[in-house]
Amino acid sequence: MRTRVNIFILLLALIAFPAFAQNWESIKNSNAYLWGEGWGTTVAEADKQALNDLISKISLHVSGKVSVNETETVTNAGVETNSTFNSVVNTYSSATLTNTEKVILENEPDAHVGRWIKRSDIAKIFESRKHKISDYISSALKAEKQGKIDIALKDLYWALALTKTLQDPNEYKYVNEDDESFIAVTWIPHHINEIFDNLKIDVLRRTGDDLELRITYQGKPVNSIDYTYFDGRDWSNIYSAKDGVGVLELPPGSQNSYYQLKFEYEYRGEAHIDREVENVLNSVNSISMRNAYKSIKSDAVAHVKNPKNTESLVSNSFASISPAIYEMPTSLSDNEKYKQVLNNLASAVVNKRYDELDGIFTPDAKDIYDRLIKYGRAKIVGTPTYSFYQYGDNVIARGLQMSFSFKSGMRKSFVEEVILSFDGDGKINNISFGLGKTAEADILGKGVWSENARFAIMNFLENYQTAYALKRLDYISSIFDDDAVIITGIVTHVPARKGRTGEIQGMDFEHDIIKYNRHTKDSYLKQLKNGFASKEFINLRFADNEVRKLGKGGELYAIQISQEYYSSNYGDKGYLFLMVDINDPEKPIIKVRTWQPEKDPDFGVYGPEHFK
């Protein structure tokens, strides 16, 4: 019986291989396909040769259809124009290779592999790329209106890089929400340079070897922007300014009259969040933007009435809050007492005497403080100008700006507003990072809600993002309901599905899908713990907050928020949904948490309607 089975299998193999070969010859002789083939002792080796052969044929196919891509390179002699035609062709070819078919014509040890793609599918791939370009431009323009200049520059540059690799880049038009159309390949760089021209840098003060900067866009402090600078010896790591506040940390004794600053716009270190963008940026030359460079005169201290004015591109988010919630402490002596504590704290950080003020913290706040100091090379930015307001039994202090620098992995520095809360005994009982003015306005501007509810939501989100930054698993565990619904989305690559005999009909190309995984509270915390252990730092940035009060459960709120996640070895962006019970503002409880890397084509972003 076993002999008959073996003979049957052998006959199938003898029939199958001629079928493959016959099919392969029809592909090679058809003008509808581009193909490549390779040989080797292993299938992997033969497949690599086949792919390289296919790349060369794709390059010849598109050479007459892709415009020459030119970039400007800044040199001491001026501007040079360099053709990057070959790079354009390579990225075009690489993109199409994700949609090729494969057939093993001969098996090991004398492997022979064929690869092919329909000529018509090349155009289809770049229709998808056009949609991505449009999405990036739309996102950039929205971010620009909100003063998030880092996002605006990144999305515009990535859109430009993608546009340069289209078959007909000079013909692709972006259509905005007003039905106005622009030739993207010329409009994008023009608008990027317009953004640079509308950025202004003032030196507010020099403290020791640090220059404190005020960065504005169209006359108002930016919400966020990234930059590097030349300190006289080398270019710095990336610094992230927030709410108009930036800093230059100079070498000891540096006395240069001018320093060169460059606003970040390429974001190559973050491109892994989009594989298509990463492939393009790695394959084509940089597109130089000369207006990104600014010269800073170190002794040109700006004369401004209020150097700590953090008026954002939105209205002052605290202005609409009634004095019952947002007010200075009633006693001048109390006000001075809080200021003195904060000044002592700032002095301890400046002089690196971190433990000399242990007595000003409650035990929980001392743990947060220790984590904060270890978060990065912490420094005070400028001379703090504090504001205070009463919230319940606590006094909240805002206005302390700190920078945190990290030297390994993705070299980056952040400027954060550090929020401190004092209890009734005058001790610091909580420390968190501020949301930023736009996010504050999104929440505090909801006049239909009670003021207590608005502040409770803002405090919750500030504590939430700070807990992830400082890796506070204890706090994160305490705010999740034991039966919380926790869903995370990941991008999964699905290989092509092929027929057993290698037919080309009905091909199911390889593609990416989003897979959603449901976690228990314990499994989610275990995943977080493992992730925290591998990262030097974590930094969350929130945008586009949409908060709704639900009709059941008293103070139950649905929060949909765009989140950008940065760490020393990973970064992503996506959409966060939280259903939070704040009936007890001191003990918020998350009932539902979902995260997805992009909007689902069927239902968009998770919301309360999905969890009734």
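Both backbone and side-chain heavy atoms feed into the values below; hydrogens, waters and symmetry mates do not.
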Using the rule given for side-chain contact (heavy atoms from CB on, under 4.5 Å), can you reason through Asp150 versus Tyr267, listing the C-alpha separation, both sets of side-chain angles and the distance that settles it, and then say yes or no?
CA-CA 9 Å; Asp150 51 346; Tyr267 290 93; 3.2 Å; yes
Which is it for Asn517 and Thr488 under the side chain to side chain donor-acceptor pair (under 3.5 Å) test, yes or no, and what are the steps along the way?
CA-CA 5 Å; Asn517 297 321; Thr488 58; 4.6 Å; no
Does the pair Asn237 and Ser413 meet the rule for a side chain to side chain donor-acceptor pair (under 3.5 Å), with working shown?
CA-CA 7 Å; Asn237 57 318; Ser413 296; 3.0 Å; yes
Please step through side-chain contact (heavy atoms from CB on, under 4.5 Å) for the pair Leu166 and Ile133, ending with a clear verdict.
CA-CA 10 Å; Leu166 293 176; Ile133 293 168; 3.9 Å; yes
In sequence, state the C-alpha distance, the side-chain angles, and the governing distance for Thr466 and Ser432, and then conclude on side chain to side chain donor-acceptor pair (under 3.5 Å).
CA-CA 6 Å; Thr466 307; Ser432 63; 4.7 Å; no
Output, in order, the C-alpha distance, side-chain angles, deciding distance and verdict of side-chain contact (heavy atoms from CB on, under 4.5 Å) for Met289 and Asn193.
CA-CA 7 Å; Met289 300 290 172; Asn193 280 317; 4.1 Å; yes
Step-by-step side chain to side chain donor-acceptor pair (under 3.5 Å) determination, Ser286 to Arg268
CA-CA 10 Å; Ser286 295; Arg268 291 177 177 269; 3.1 Å; yes
Between Ile201 and Arg214, is a side-chain contact (heavy atoms from CB on, under 4.5 Å) present by the stated rule, with each step listed?
CA-CA 6 Å; Ile201 308 172; Arg214 185 173 189 263; over 6 Å; no
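Between Arg541 and Glu416 there is a salt bridge, with a side-chain nitrogen of the basic residue lying less than 4.0 Å from a carboxylate oxygen of the acidic one.
When side chains are defined from C-beta on, Trp35 does not count as touching Ser30, because their heavy atoms never get closer than 4.5 Å. For the pair Thr216/Leu199, no side-chain contact is recorded, criterion being any heavy-atom separation below 4.5 Å from C-beta on. Under the 4.5 Å side-chain criterion, counting only non-hydrogen atoms from C-beta, Asn176 is not in contact with Ile137. Considering only heavy atoms from C-beta on, Val203 stays 4.5 Å or farther from Lys297 through its side chain. Under the 4.5 Å side-chain criterion, counting only non-hydrogen atoms from C-beta, Ile590 is not in contact with Met579. The closest side-chain heavy-atom distance from Leu248 to Leu261 is below 4.5 Å. Taking 4.5 Å as the limit, every side-chain heavy atom of Tyr227 sits out of range of all side-chain heavy atoms of Glu264. No side-chain heavy atom of Val485 sits under 4.5 Å from any side-chain heavy atom of Lys591.
The closest donor-acceptor contact from the side chain of Gln465 to the backbone of Tyr468 lies at 3.5 Å or more, if one exists at all. No donor-acceptor pair closer than 3.5 Å links the side chain of Tyr293 to the backbone N or O of Phe263. Gln563 places no side-chain N or O within donor-acceptor distance of the main-chain N or O of Leu576, the cut-off being under 3.5 Å. No donor-acceptor pair under 3.5 Å is formed between the side chain of Arg205 and the backbone N or O of Leu211. In terms of modelled atom types and a separation under 3.5 Å, the side chain of Asn223 and the main chain of Ile149 share no donor-acceptor contact.
Residues meeting the side-chain hydrogen bond (donor to acceptor under 3.5 Å, both in side chains) test with Tyr172, sequence neighbours left out: none. Remark: Thr594 pairs with Ile487, Phe577, Val592, Tyr606, Phe611 by the side-chain contact (heavy atoms from CB on, under 4.5 Å) rule, at least two apart or across chains. Not counting sequence neighbours, the partners of Glu462 by the side-chain hydrogen bond (donor to acceptor under 3.5 Å, both in side chains) test are Arg398. The side-chain contact (heavy atoms from CB on, under 4.5 Å) test applied to Thr186 returns Ile183, not counting sequence neighbours. In this structure, the side-chain contact (heavy atoms from CB on, under 4.5 Å) partners of Ser403, at least two apart in sequence or on a different chain, are Val247, Glu249, Lys379, Val381, Val415. Every side-chain contact (heavy atoms from CB on, under 4.5 Å) that Lys132 has, sequence neighbours left out, goes to Tyr136, Leu162, Asp274, Glu276.
A donor atom on one side chain and an acceptor atom on the other are found under 3.5 Å apart for Thr165 and Arg129. Under the 3.5 Å distance criterion, with hydrogens and angles disregarded, a donor-acceptor pair is assigned to the side chains of Tyr174 and Ser138.
Here CD1 of Ile188 is found 12.5 Å from NE2 of His190. Values are rounded to the nearest 0.5 Å. Here the CG atom belonging to Leu156 is positioned 10.0 Å from the OG1 atom belonging to Thr163, to the nearest 0.5 angstrom. For the atom pair CG of Leu54 and CZ of Arg115, the computed distance is 8.5 Å after rounding to the nearest 0.5 Å. Rounding to the nearest 0.5 angstrom, the gap separating the CG atom in Leu461 from the CD1 atom in Ile561 is 5.0 Å. Atoms CG and CD1, from Leu160 and Ile287 in turn, are 4.0 Å apart once rounded to the nearest 0.5 Å. Note that CD1 of Ile215 and CG of Asp243 are 11.5 Å apart. Values are rounded to the nearest 0.5 Å.
Looking at every heavy atom in both residues, Lys173 comes nearest to Ser181 through CD-OG, 4.1 Å. Scanning all heavy atoms of the two residues, the minimum distance from Ser139 to Ile151 falls at OG-CG2, 4.4 Å. Taking both residues in full, the closest heavy atoms of Ala161 and Leu281 are given as CB-CD2, 3.8 Å, listed atom of the first, atom of the second, then distance.
Aromatic rings of Tyr229 and Tyr239 (six-membered ring for Trp) have centroids within the 6.0 Å cut-off, being under it. Taking the six-membered ring for Trp, Phe433 and Phe404 have ring centres closer than 6.0 Å.
A cation-pi arrangement is present between Lys154 and Trp158, with the terminal nitrogen or guanidinium carbon under 6.0 Å from the aromatic centre and inside a 45° cone about the axis.
In Glu180, the CD atom is crowded: over 12 heavy atoms of neighbouring residues, nucleotides or ligands sit closer than 6.0 Å. Crowding of Lys294 atom NZ: a count of heavy atoms from other residues, nucleotides or ligands under 6.0 Å exceeding 12. Counting heavy-atom neighbours within 6.0 Å of Lys535 NZ, excluding the residue itself, gives a total above 12.
Using bins of under 30°, 30° to 60° and over 60° for the plane-to-plane angle, the ring pair Tyr265/Phe196 lands in the perpendicular bin.
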